[in-house]
Amino acid sequence: MSRLGTITRRSFMVLGVAVAGGVAFGTYAVRKTPPNPLSPEGEAVAMNPWLIIDQEGVTVIAPRAEMGQGVHTTLAAMVAEELDVAWKDVRVLHGPPAQAYYNAAMMEAGLPSAHYTRDEMSGWQEALLHAVPKMLSLQITGGSTSTVDGFDRMRHAGAMARESLKEVAADRLGLARSQLRTEAGMVIGPDGRGLPYADLAADAAQVEVDQPDLRPRTDWKYLGRAMPRLDMVSKATGTAEFGADVRLPGMKFATVRMNPKLGGEMRGFDASAALTMPGVERVIDLGSGIAVVASNTWLAFQAADAVEIDWGPAPHAETSAELFGKIAASLDDPPNSTLRDDGDVGAMTGTVVQAEYRVPFLAHATMEPMNATALLEGEYLTIWCGNQAPVVIQQKSAEAAGVSDQNTTVHTTFLGGGFGRRGESDYAALAARIARELPGIPVKVTWSREEDMRHDFYRPAAIARFSGAVENGTATALFARIAAPSVTRSAMQRLAGFAPPGPDKGHVEGAFDQPYAIANYRVQGHLTDSPVPVGFWRSVGSSMNGFFHESFIDELAHAAGADPLEFRLGLIRPAHAPSAILLETVRGMSGWTGRTPQGVGRGVAFTYSFGTPVAEIIEVRDEDGYIRIANAWIACDPGTALDPGIIEAQMVSGLIYGLSAAAQEEITFLGGEVEQFNFPDHDALRMHNTPRIEVKILENNTLMGGIGEPGTPPAAAALANALFDLTGIRARELPLNKSFDLLL
Amino acid sequence: MPTTLTINGQTHSVDLPDDVPLLWVLRDEIGLTGTKFGCGVAACGACTVHIDGAAVRSCQVALADVWGEVTTIEGIGTPDRMAIIQEAWVEHQVAQCGYCQSGQIMQAADLLATTPAPTDADIDDAMQGNLCRCGTYPRIRAAIHAAAAKLQEA
Ligand code: FES
Ligand code: FES
């Protein structure tokens, strides 16, 4: 087992025990500040792991990946808020792989309790949540955790730097620090004279100051406002560098072909035709597939098509029907988890409702296909790629190239979409493996769209069985059983070589943790043993459970003869007031009356995920026999809205991502192979079929929540519920274009 | 035999087989990486450039078939001197991951050249070949309207 594997296993054991009992453990390694990984060149000074100051201004080192969610801008605003620099003088870089950049919020998200029941954390809990990710170097962008994780740390980084700079200035001017203030990159004395930060930085980096208080919200200048994104100009001018855009002198262009029968072996290949094709330099045997190295990516694509490969069969079931059969069968196994078990669901009285739902496997289909660039020079490996987990990229690439982690440098570029796919490391490890065959020569490895779509770590297919009861217009019982291959186990197996035991929380998220006051309420997860590789897909378990839970709540409402929105309000209000306000808000925004005219249907759904409750209403309209997804209203409550412009964009983005999948996306298997190849087979919403969308952001929640994912989970159910309102047909299976003539 | 291309006003001599798509000439040979590869089958629009001012999918145009002057995203404006349409993109904070945006902007620029005051329906028609997995469509629409208004003033 790899070194990461050993550490990870041990640490998870620590977490397992510690969460239950508050166990003490090696506090030294935990308390010590991780080493500063930055060593900037020339006149620049690294104040701490998050901040470099030079003559041009300040550079914020973002511990998280910019994949479209705007996190670089918000993390930089946190630093700038305390540091007092002009926004135009702020730049951001992706941080290198380093322990200093561990994600504590990621671990908090793993707590097996519902977010809405949490209060501020106790000391030991907090210490623990920082300890484990720090020890694991858990530098991951995911779980909509980046701003929650960075909120204190990035502001402290700015505040500490500010006070250090003032301390040095005070010393030089023979004044007290309290006599000085800071503004726009300068320390300013009582006489108005200013000392630029750049002149103070070298000394300031050596000074220790006590941690100052963070500024209250009433003093905020950057946070709480829609800031111009720091990546916007480069992305509007084609100058932003994505992994696919990396260029190095003498670079070769390569592509790969791996077994389309996922997990199957390669029995052999014949490259003789390919090797005669123009521009082709090498065909490399990767064991599990081949790589073609050429002078141009397209020439490599052509030659890869010309390699005749004998692929062995997939070790998993051959067809989607067989895979669904396995998932259904796992409902008969004992449950892996019962994370909600209120009252007694055994004896349901009143009107009893039962339903079974299904969702398909899904591809991430990031706009930028998988790619990475690698260069092996002697014992040193350098990797360039967009990624959500630099430490893992470092370790897996080093392993593939046969060098040490310490000798492996990872440069993280912008990500042309992540959605969880770039939390994997396969594409970087393949590039490293190819670089091993081309010592001293940089090689960029770009996957074709087909290779990308057919070698994903898919959002798992799932089946859910629900039963519930209504009496006197309200729900008295809800029992949900959810079966699917486990994302956590599949991903941990790849990451660490073992699957964590115990209840899989991610599997039932979006179902067990919803703020509904239903007296008899049980949610159980069943894990299916399926070798189809599954992975984190925007909103993970909530992406399916939002559909299941909110479709069923709708069915209960109709069985109770109640308005679906009022029915939800009645159940949510006693459990979590801020969530109820969201339902009232979308009711007001949309002018919901509970009645819709002929030819119009409306549906509502609510999911509390990644710390942020979101209510959505979708309106569909009949247009000459086709159904248009016409309008959408979203109300969300992230507790503190750090950048309303970015939050609005993420809510819209999350909704469109969810609607795209709900309307028309599915990955199916035949002969052990994925049947979809490219966008024509797995398309998304586009300009003409995206609804008009309005967003309201509220701030009643006590804890801060994420924004990158919570817009997605309610989307499918809101659409299905609207289609029911329009047609009277209850679709219990996605995608919805199987049941309706959607205008796509 | 090398092929001669005019790209963003500059002449380039390219020694590649005739059937290499313009996209891959631009990206790998010339080093103009602002134009993106998304699908290779005319299904996403990430590779959109102009030939003689009209939007085309550069993944579908073979090197030997390039019939006129090529303009890429780098050719319509730079970070210091953005085109009006790029300014509108910044003003409306359109981009998320940004990977599709070069293609979106080139397609929208073509629309505005032929239809100076596009309706929502015009935008739907012109832009539906350009996929955005981040779902930036509402802001693209707003930016196109804003750019149209600005261009008409100018
Ligand atoms: S890459 Fe040309 S349309 Fe997608
Ligand atoms: S901005 Fe990410 S694909 Fe369009």
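As a basis for the values below, the full set of heavy atoms in this structure was taken, side chains included, without hydrogen atoms, waters or symmetry mates. Computed from a prediction, not measured in an experiment: that's the story for all the values here. Letters A, B, ... mirror the listed sequences (proteins, then strands); counts begin at 1.
Looking at Leu655(A), there are no atoms closer than 4.5 Å to chain B (heavy atoms on both sides), in backbone or side chain. Looking at Glu450(A), the atoms closer than 4.5 Å to chain B (heavy atoms on both sides) all sit in the side chain, from C-beta outward. Looking at Phe414(A), there are no atoms closer than 4.5 Å to chain B (heavy atoms on both sides), in backbone or side chain. With a 4.5 Å cut-off on non-hydrogen atoms, Arg141(B) touches chain A through its backbone and its side chain both. Ala240(A) touches chain B through its backbone: at least one of N, CA, C or O sits under 4.5 Å from a heavy atom, while the side chain does not. Proximity to chain B (any heavy atom under 4.5 Å) is shown, for Ser234(A), by neither the backbone nor the side chain. In this structure, no portion of Asn689(A) lies under 4.5 Å from any heavy atom of chain B. If you measure heavy-atom distances from Phe677(A) to chain B, you find no contacts under 4.5 Å at all. Residue Asp683(A) touches chain B through its side chain alone, counting heavy-atom pairs closer than 4.5 Å. Within the 4.5 angstrom heavy-atom criterion, only backbone atoms of Met67(A) (N, CA, C, O) approach chain B. Of the two parts of Met277(A), neither the backbone nor the side chain holds a non-hydrogen atom closer than 4.5 Å to a non-hydrogen atom of chain B. With a 4.5 angstrom heavy-atom cutoff, Ile105(B) touches chain A only via side-chain atoms.
Sorted by first then second residue, the ring-ring contact (aromatic ring centres under 6.0 Å, His included) pairs that include residues 92-129 of chain B, not counting sequence neighbours, are Phe242(A)-Tyr99(B).
For Asp28(B) (side chain) and Thr297(A) (main-chain N/O), a donor-acceptor pair under 3.5 Å exists by modelled atom type. Panel note: side chain Arg133(B), backbone Thr366(A); no donor-acceptor pair is recorded below 3.5 Å. No donor-acceptor distance shorter than 3.5 angstrom exists from the side chain of Arg229(A) to the backbone of Val94(B), with no hydrogens or angles considered.
Comparing Ala244(A), Gly70(A), Ala365(A), Gly418(A) by how many heavy-atom pairs each has under 4.5 Å with chain B, the most go to Ala365(A). Across Ala46(B), Ala43(B), Gly40(B), the residue that shares the most heavy-atom pairs under 4.5 angstrom with chain A is Ala43(B). Ranked by non-hydrogen atom pairs under 4.5 Å with chain A, the options Glu74(B), Gln93(B), Glu91(B) are led by Gln93(B). Ranked by heavy-atom pairs under 4.5 Å with chain A, the list Gln104(B), Met127(B), Lys36(B), Glu29(B) is led by Lys36(B). Looking only at heavy-atom pairs under 4.5 Å with chain A, the residue among Cys100(B), Ala126(B), Gly31(B) that has the most is Gly31(B). By number of non-hydrogen pairs under 4.5 angstrom with chain A, the leading residue of Pro21(B), Pro138(B), Ala121(B), Gly129(B) is Pro21(B). Taking chain B as the reference chain and counting heavy-atom pairs below 4.5 Å, the highest number among Ile646(A), Asn296(A), Thr690(A) is found for Asn296(A). Most heavy-atom pairs under 4.5 Å with chain B, from the set Gly279(A), Gly416(A), Ser448(A): that is Gly416(A). Ranked by heavy-atom pairs under 4.5 Å with chain A, the first of Ser102(B), Gly77(B), Pro17(B), Ala95(B) is Ala95(B).
Annotation for Lys696(A): atom NZ does not count as buried by contact number, only 12 or fewer foreign heavy atoms lying within 6.0 Å.
Counting heavy atoms from C-beta on, the side chains of Asp120(B) and Arg692(A) come closer than 4.5 Å. Taking 4.5 Å as the limit, every side-chain heavy atom of Arg449(A) sits out of range of all side-chain heavy atoms of Val41(B).
Residues that satisfy the side-chain contact (heavy atoms from CB on, under 4.5 Å) test with Thr48(B), not counting sequence neighbours, are Ala55(B), Arg57(B), Met106(B), Gln107(B), Asn130(B).
Summarising the geometry of Cys39(B) relative to Phe679(A), their closest heavy-atom pair is CB-CD1, 3.7 Å, with the distance given to 0.1 Å. Contact detail for Met367(A) and Cys44(B): the closest heavy-atom pair is CE-CB, 3.6 Å. Closest heavy-atom contact between Leu131(B) and Ala684(A): CD1-CB, 3.9 Å. When every heavy atom of Trp447(A) is checked against every heavy atom of Phe37(B), the shortest pair comes out as O-CE2, 3.5 Å. Looking at every heavy atom in both residues, Pro79(B) comes nearest to Thr239(A) through CG-OG1, 3.9 Å. Looking at every heavy atom in both residues, Ser653(A) comes nearest to Cys134(B) through OG-O, 2.7 Å.
The CZ atom of Arg247(A) sits 7.0 Å away from the OG1 atom of Thr33(B) when rounded to the nearest 0.5 Å. Rounded to the nearest 0.5 Å, atoms CD (Gln96(B)) and CG (Asp231(A)) are 10.0 Å apart.
Residues of residues 59-67 of chain B lying under 4.5 angstrom from chain A, judged on non-hydrogen atoms, do not exist here.
Using a 4.0 Å cut-off between charged side-chain N and carboxylate O, Arg27(B) and Asp245(A) make a salt bridge.
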Under 3.5 Å, side-chain donor or acceptor atoms of residues 81-90 of chain B against the rest of the protein: list the pairs with distances, not counting sequence neighbours.
unit_1: Gln86(B); atom_1: OE1; unit_2: Ala83(B); atom_2: N; d: 2.8
unit_1: Gln86(B); atom_1: NE2; unit_2: Ala236(A); atom_2: O; d: 3.0
unit_1: Trp89(B); atom_1: NE1; unit_2: Gln101(B); atom_2: OE1; d: 2.8

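The aromatic ring centroids of Phe253(A) and Trp24(B) lie 6.0 Å or more from each other.
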